[in-house]
Amino acid sequence: MSGSSRLKEKKRIGYWMSEKKRRKFNLAHFAELCRAQNMELVRVDLNRSLTEQGPFDVFIHKLSDHLTKAGLGDKHSQQICKSVEDYLALHPHMLVLDPLQNVQCLLDRCTQYSLLEREPLNSLKDVFTPSFVELTSTDIDRNIKLLRESNVRFPIVCKPLVSHGSSMAHQMSIVFNEAGVKDVEPPCVAQTFINHDALLYKVFLIGDQHYIIERPSIKNLYPGGQKTVFFHSGDVSCANASSALNNMENMICSSVAVQLDPVKISRLVSVVRKLFNLSLFGIDVIVENKTGRYAIIDINTFPGYDGVPQMFEVLTDYIVRQMNAKEENVYETALNDLPISSYMSTTVRESERSEHSQEVAGCLNSSLNLDNAFSLEPAVKLDKAMRFRSSQVSHLQSCSPTIQESGVKPPSRAGTAVQQGEDLVSQCNGGIKLPILC
């Protein structure tokens, strides 16, 4: 603990995470730390009224899986997300780690990478996101054309579009040549593989503090006649992971040992934190072996923090500082008051209603109104939900000079027919208007 002043008035922290997550964390220790700071840690039951369980001054959650499933039509998850969002809307001054709409922006890899391509990241010297393209078809010729147009070079890493909510979110493949494009399993994101000497840096954030943990990663690879390799990312990059993909035997490494620049990492962290407005997340960083450039290859909400010393001490200190700031009316960066997503009111021309327009109708005319966004009939399937999201990106770019100046890259797919020129509602992140992932 950094010595933050103990809270004068008792505060209640409501939290929810899966049973698997609870088993992993030492929550008894967290509860003890909270009590020492005059805070009560309360496990929330999402199947009961939050109002009956409250009031809460802080809400900590790992609802990313439920958010993903809700967007795909799962009724139970839809009900849970609506209940939580309704409660949060009734208590706008509650500290939320993290706001649901901000977390949503990390659930879709194409949205995540598109946001990272914005000008703020480009302003950092030698920091980039590897070239990528969204593939939604099994048409081999079309996919090869998209790869070329987006400058995605072999070998490529193919990742599921959805980054949470399923064990399949971490099932990936490496394609070495055009012949291997037949193995692509859409919808997915195809990204240029960057050689990085089999070393991954997990940058874990807890509020305004960050920690760098080294992990094994995929060895250097080159285009050629190899067959497509399928793998689970956890088998390659978890602590002490051993795999043929991270076996460095006979691997040619760069002659210069990598020394991370702490100043550059701090600037990278600052930019990404400001972009997504999150407190609990992790950034996967690799260093290109030939150039020394830093590549951001993934961002994860509320990670496991393996290897981070005194994680709950740091988290408790951050919460206490935020609570003290609120009591003193000195608001630090109020992450939950500055949502990254803005929402637009949209109508679909009656003459253009296609066979799937009814499925996305619940997302129309929504301003984070989850009883609309999560009440889709029939259930939204992944490809159609993503298609509607891409249409929002395209629409925002076409009618907003601010978006055009920001450089957000739309996914490479035709969007749902959305009437041009609709009003944009809400504004955030310095005027940058972004799409909601329905």
Can you list everything that forms a ring-ring contact (aromatic ring centres under 6.0 Å, His included) with [X]? Sequence neighbours excluded, please.
X	answer
H170	H232
F204	Y305
F30	F312

Inset, instruction - Go through the structure and list residues passing salt bridge (charged side-chain N to carboxylate O under 4.0 Å, His left out) with K24, not counting sequence neighbours. - result: D306
Legend entry - Which residues share a salt bridge (charged side-chain N to carboxylate O under 4.0 Å, His left out) with R153, sequence neighbours left out: none
Throw together a table of side-chain donor-acceptor distances under 3.5 angstrom for residues 263-270, partners on residues two or more places apart or in other chains.
unit_1	atom_1	unit_2	atom_2	d
S266	OG	P262	O	2.9

Inset, instruction - Could you note down all residue pairs passing ring-ring contact (aromatic ring centres under 6.0 Å, His included) where residues 173-194 supplies at least one of them, sequence neighbours left out? - result: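 Listed by first then second residue: F193-H196.
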Inset, instruction - Check side-chain hydrogen bond (donor to acceptor under 3.5 Å, both in side chains) between H76 and all other residues, then give those that pass, not counting sequence neighbours. - result: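 Not a single residue meets the side-chain hydrogen bond (donor to acceptor under 3.5 Å, both in side chains) criterion with H76.
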Excluding sequence neighbours, so at least two apart, what forms side chain to side chain contact (heavy atoms under 4.5 Å, CB included) with [X]?
X	value
S163	R109
D284	L200, K202, I297, D298, N300
Q53	V44, D45, R48, L50, F56
K20	S18, R23

